[in-house]
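Please read the structure below before turning to the comments.
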Amino acid sequence: MVVQDPESYQKLLDAPELVETLKGIKLGLEQIQKGKVKKADDFFNELFDKLDIDQ
């Protein structure tokens, strides 16, 4: 049995979430460096065209 204060336990629970967030940021930065991104306007215009939504 291990006894921990609530703050320490919460930090332990939050650690994996932080790691996943950092992995996502790293992936995004790698994609930017490789030129695998598009402007938000272009993305949304394409999305609206696919969904046939007036902008």
Side-chain angles (χ1 to χ4, degrees):
M1 180 167 148
V2 175
V3 178
Q4 245 181 335
D5 64 282
E7 264 184 43
S8 297
Y9 182 68
Q10 188 61 49
K11 285 180 184 179
L12 184 66
L13 293 177
D14 292 342
E17 185 177 329
L18 176 60
V19 170
E20 289 302 312
T21 300
L22 293 174
K23 283 182 184 178
I25 292 170
K26 181 180 177 186
L27 176 62
L29 291 173
E30 289 171 356
Q31 289 176 339
I32 289 170
Q33 289 174 342
K34 293 177 182 178
K36 295 184 176 183
V37 295
K38 60 174 74 176
K39 293 180 182 179
D41 286 342
D42 294 339
F43 170 80
F44 284 111
N45 286 335
E46 289 176 21
L47 178 63
F48 293 144
D49 287 345
K50 287 180 182 178
L51 297 174
D52 195 32
I53 297 174
D54 291 328
Q55 302 167 23

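- In this structure, Glu17 CD and Leu22 CG are separated by 11.0 Å, a value rounded to the nearest 0.5 Å.
- Atom CD of Glu7 is surrounded by 12 or fewer heavy atoms from other residues, nucleotides or ligands within 6.0 Å.
- Distance check: Asp49 CG to Phe44 CZ gives 13.5 Å after rounding to the nearest 0.5 Å.
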Anything under 3.5 Å between a donor and an acceptor, one on a side chain of residues 29-43, the other on a protein residue two or more places apart or in another chain? List them.
unit_1 : atom_1 : unit_2 : atom_2 : d
Lys38  : NZ     : Glu46  : OE1    : 2.8
Lys38  : NZ     : Glu46  : OE2    : 3.3

